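Since the structure comes first, as structure tokens, the remarks are kept for the end.
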Amino acid sequence: MKHRILSAATAVVAAVTLLSACGSGGGSGASEAVHLDYAYYNPLSLVVRDQKLLENKGYDVTWVLSSGSNKANEGVRSKALDFGSTAGSAALVARANGTPLKSVDVYSKPEWTALVVGKNSPITALNQLKGKKIAATKGTDPYFFLVQALASVGLTTGDVEIVNLQHPDGKTALERGDVDAWAGLDPYMAQTAQEQGSRLLYRNVDFNTYGVLNTREDVIAQRGGTVRAVVDAYEQARGWALAHPDELTALLAREAKIPASVAKEELDRTTLGIDPAPGDTLRTVLSHIVPLLAADNDVKSADAAQTALTGLLEPSFAQRRSS
């Protein structure tokens, strides 16, 4: 089993490797190479990887750590990844901006992001963020959470200074006082709250979009059996996770190298027992942010985002899971 952390350099190399290693077969699993991400914000990916659910079916799996939805989308777009786990909002933006990506499984309904300030920050309300420095990872749910939160008090990203940092670096910047606030992501958000006394300034579970597993259209067309196998593995992992919450907490803590209390806080805010098929509920949540994405210039236009949403969801694999 191979492990790598995705970067711009490795993406190019991995793309060449993937094209030469993967056939167009129907996904029997026998010696077929498949490139998947795992992420600390996606507990089911940790279970699939730890229990070798795909390797046990004969797949030759390369695991790539995604540090955020933006990195997962980069991997899928460059073909360094066959499957990447992101927030629904990030998947929508990627498709609207030209990545032929489809969401084939919903792995969680999380409250994985909030706006965070330091322990001694004088900021107590959203409207006090005007003119402030805010760390956020563009192209991820925390960033789009920030866009929605600002809009709720009549502000835009133009009214603040966005410091584009990957999630763990945003946490560090907040703790050092380099920024006034941070659009956080678990487990780093729970960690800074527990260890540094950082405060969750603003929470809104409805501004968090679902966690989705994505692949490209060519993978669906050419390797449908592999897509089914991956979705089946995710659903096997879901059943185990729901039945073994303490073991899941221990797994997340070990993999992310965080205290068990931090892992538990993340999982307490994460609902795994949901319908895995991407459908109307997810579509409704994403439709609410289409105008905001266009206004913030994250997509070419509202029409482009709406067209992307129409083609984004592929529920058939999760609906017809094999036993």
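No hydrogens, no waters, no symmetry mates; every other heavy atom, side chains included, goes into these values. The structure presented is a predicted model; accordingly, all values stated were derived computationally and were not measured.
Scored by the side chain to side chain contact (heavy atoms under 4.5 Å, CB included) test, Asn127 finds Ala125 as partners (sequence neighbours excluded). Contacts of Lys171 classified as side chain to side chain donor-acceptor pair (under 3.5 Å), with partners at least two apart in sequence or in another chain: Glu175. Scanning for salt bridge (charged side-chain N to carboxylate O under 4.0 Å, His left out) contacts around Arg199 gives an empty result, with sequence neighbours left out. Residues satisfying the side chain to side chain contact (heavy atoms under 4.5 Å, CB included) test with Glu111, not counting sequence neighbours, are Arg203, Val205, Asn208, Arg269. With sequence neighbours left out, Ala193 forms a side chain to side chain contact (heavy atoms under 4.5 Å, CB included) with no residue at all. Residues that satisfy the salt bridge (charged side-chain N to carboxylate O under 4.0 Å, His left out) test with Asp268, not counting sequence neighbours, are Lys264. Asp218 pairs by the salt bridge (charged side-chain N to carboxylate O under 4.0 Å, His left out) definition with Arg216, not counting sequence neighbours.
A donor-acceptor pair shorter than 3.5 Å cannot be found between the side chains of Ser69 and Thr86. For the residue pair Thr113 / Asp141, no side-chain donor-acceptor distance below 3.5 Å is found, with atom types taken as modelled. No donor-acceptor contact under 3.5 angstrom links the side chains of Thr226 and Asp82, judged on distance only. Gln191 and Asp186 share no donor-acceptor pair across their side chains, judged by distance under 3.5 Å alone.
Sorted by first and then second residue, the ring pair (Phe, Tyr, Trp, His ring centres under 6.0 Å) pairs with a member in residues 162-191 form an empty list; sequence neighbours excluded. Residue pairs satisfying the side chain to side chain donor-acceptor pair (under 3.5 Å) criterion with at least one member in residues 142-155, sequence neighbours excluded, are listed as follows: Tyr143-Asp296. Within the structure, salt bridge (charged side-chain N to carboxylate O under 4.0 Å, His left out) contacts touching residues 112-128 (residues at least two apart or in different chains) do not occur.
Applying side-chain contact (heavy atoms from CB on, under 4.5 Å) to Phe83 and the options Val227, Asn214, Val76, Val64 leaves one that passes, Val227.
The two residues Val160 and Leu129 make their nearest non-hydrogen contact at CG1-O, 3.3 Å. Closest approach of Ala72 to Tyr41, counting heavy atoms only: CB-OH, 4.2 Å. The two residues Gly139 and Phe144 have their closest heavy-atom pair at C-CE1, 3.8 Å. For the residue pair Val116 and Ser198, the shortest heavy atom distance occurs at CG1-CB, 3.8 Å. Annotation for Pro187 and Val262: closest pair O-CG1, 3.5 Å, computed over non-hydrogen atoms.
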Side-chain atoms of residues 241-251: list all donor-acceptor pairs with protein atoms under 3.5 Å, sequence neighbours left out, distances to 0.1 Å.
| residue | atom | partner | partner atom | Å |
| --- | --- | --- | --- | --- |
| His244 | ND1 | Trp240 | O | 2.9 |
| His244 | ND1 | Trp240 | NE1 | 3.4 |
| Thr249 | OG1 | Pro245 | O | 3.0 |

Per-pair distances, 0.1 Å, donor-acceptor, side chain in residues 93-101, under 3.5 Å, sequence neighbours excluded:
| residue | atom | partner | partner atom | Å |
| --- | --- | --- | --- | --- |
| Arg95 | NH1 | Leu101 | O | 2.8 |
| Arg95 | NH1 | Glu217 | OE2 | 3.0 |
| Arg95 | NH2 | Glu217 | OE2 | 2.9 |
| Asn97 | ND2 | Val93 | O | 3.3 |
| Asn97 | ND2 | Asp298 | O | 2.9 |

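In this structure, NZ in Lys130 is found 14.5 Å from CD1 in Ile123, a value given to the nearest 0.5 Å. The CG atom of Leu282 sits 7.5 Å away from atom OH of Tyr210, with the distance rounded to the nearest 0.5 Å. The CD atom of Glu74 sits 12.0 Å away from the CG atom of Asp37 when rounded to the nearest 0.5 Å.
The backbone N or O of Ser316 lies less than 3.5 Å from a partner atom in the side chain of Glu314, making a donor-acceptor pair.
A cation-pi arrangement is present between Arg49 and Tyr38 under the rule of less than 6.0 angstrom and at most 45 degrees off the ring axis.
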